[in-house]
Amino acid sequence: MSWQAYVDSSLVGTGHLDKGAIISVAGDSVWASSAGFTVQPEEMKTLVAILNNTSGAVDKAHADGIHVGGERYVVARIEGRSIYARKGRTGICIVKTTQAIIVAHHGETAQAGNATQTTEALADYLIKAGY
C-alpha cells in the first residue's frame, strides 16, 4: 500500500478523521498528505523535537502550543510517542513510528477518542510492518 493510501483509507477513510499526513521521522519530508493539509518544514522540525524529547521542546509545547498546517493547537498531553492537541472543537493526534510520524486531524463532529484510536492503530500496524 502506498503512503497516500494509508492517509486516504486508514485515516480519512474511517470517517473519524478529516485530514492527515505522514512525514519522515527526521521531519525533513512529507510522504503523503490530504489535499490542502500542508505541514510546513518548521512545524515538522518542532514535532520531531517534541517527540524526541529535545531539551525544552516539551515544556515550550505545553506553554505555547504547537502549529500544524498553519493552525495553532493547545497541547492536551504528550505521552511517549504521541502528542494530542486541540483547537476549539477540532484536534490533532500525532504519533511517531519507527520511520514515520502520522499527523491526523479530526473535525468538530468527530469524537476525539475515535480519532486517537484510529491514529494509534495505524501507528501500531506500521511499527509491526517495520515502519
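This chain uses plain numbering: 1 for the first residue, then up along the sequence. All figures in this text were calculated on a predicted structure; none of them were measured in a lab.
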Candidate pair Val12 and Asp18, rule side-chain contact (heavy atoms from CB on, under 4.5 Å), full reasoning: CA-CA 5 Å; Val12 178; Asp18 60 359; 5.8 Å; no
Derivation of the side-chain contact (heavy atoms from CB on, under 4.5 Å) call for Arg72 and Ile66: CA-CA 6 Å; Arg72 181 182 176 273; Ile66 58 174; over 6 Å; no
Would you compute the distance between atom [atom1] of [X] and atom [atom2] of [Y] and round it to the nearest 0.5 angstrom?
X	Y	atom1	atom2	result
Ile94	Glu43	CD1	CD	9.5 Å
Lys60	Thr54	NZ	OG1	13.0 Å
Arg81	Leu51	CZ	CG	10.5 Å
Glu120	Ile127	CD	CD1	8.5 Å
Tyr131	Thr98	OH	OG1	11.0 Å
Ile83	Ile92	CD1	CD1	7.5 Å

Heavy atoms from other residues, nucleotides or ligands near CZ of Arg89 exceed 12 (cutoff 6.0 Å): no
Crowding at CD, Gln111 (>12 non-hydrogen neighbours, <6.0 Å): no
Determine yes or no for a side-chain-to-main-chain donor-acceptor pair under 3.5 angstrom, with [X] supplying the side chain and [Y] the backbone.
X	Y	value
Ser34	Gly20	yes
Thr14	Leu11	yes
Arg86	Ala112	no
Glu71	Lys87	no
Gln40	Val68	no
Gln117	Asn114	no
Gln4	Ser33	yes

Should [X] and [Y] be counted in the same cluster of Ile, Leu, Val, Met, Phe, Trp and Tyr side chains packed under 4.5 Å apart?
X	Y	result
Ile50	Ile23	yes
Val48	Val30	yes
Ile102	Leu17	yes

Pairs involving residues 16-43, ordered by first then second residue, that meet ring-ring contact (aromatic ring centres under 6.0 Å, His included) (sequence neighbours left out): Trp3-Trp31
Carboxylate-amine/guanidinium contact Lys19 Asp8, below 4.0 Å: no
Tyr125 and Tyr6 aromatic ring geometry - parallel, tilted or perpendicular at 30°/60° bounds: tilted
Shortest non-hydrogen separation from Thr118 to Ser10 and the atoms involved: CG2-O, 3.4 Å
Minimum heavy-atom distance Ala100-Ile22, with the two atoms named: CB-CG2, 3.8 Å
Heavy-atom check, side chain of His105 versus side chain of Thr90, under 4.5 Å: yes
Under 3.5 Å side-chain donor-acceptor pair for Ser24 and Gln99: no
side-chain contact (heavy atoms from CB on, under 4.5 Å) partner of Met44, chosen from Val103, Val39, Ile101: Val39
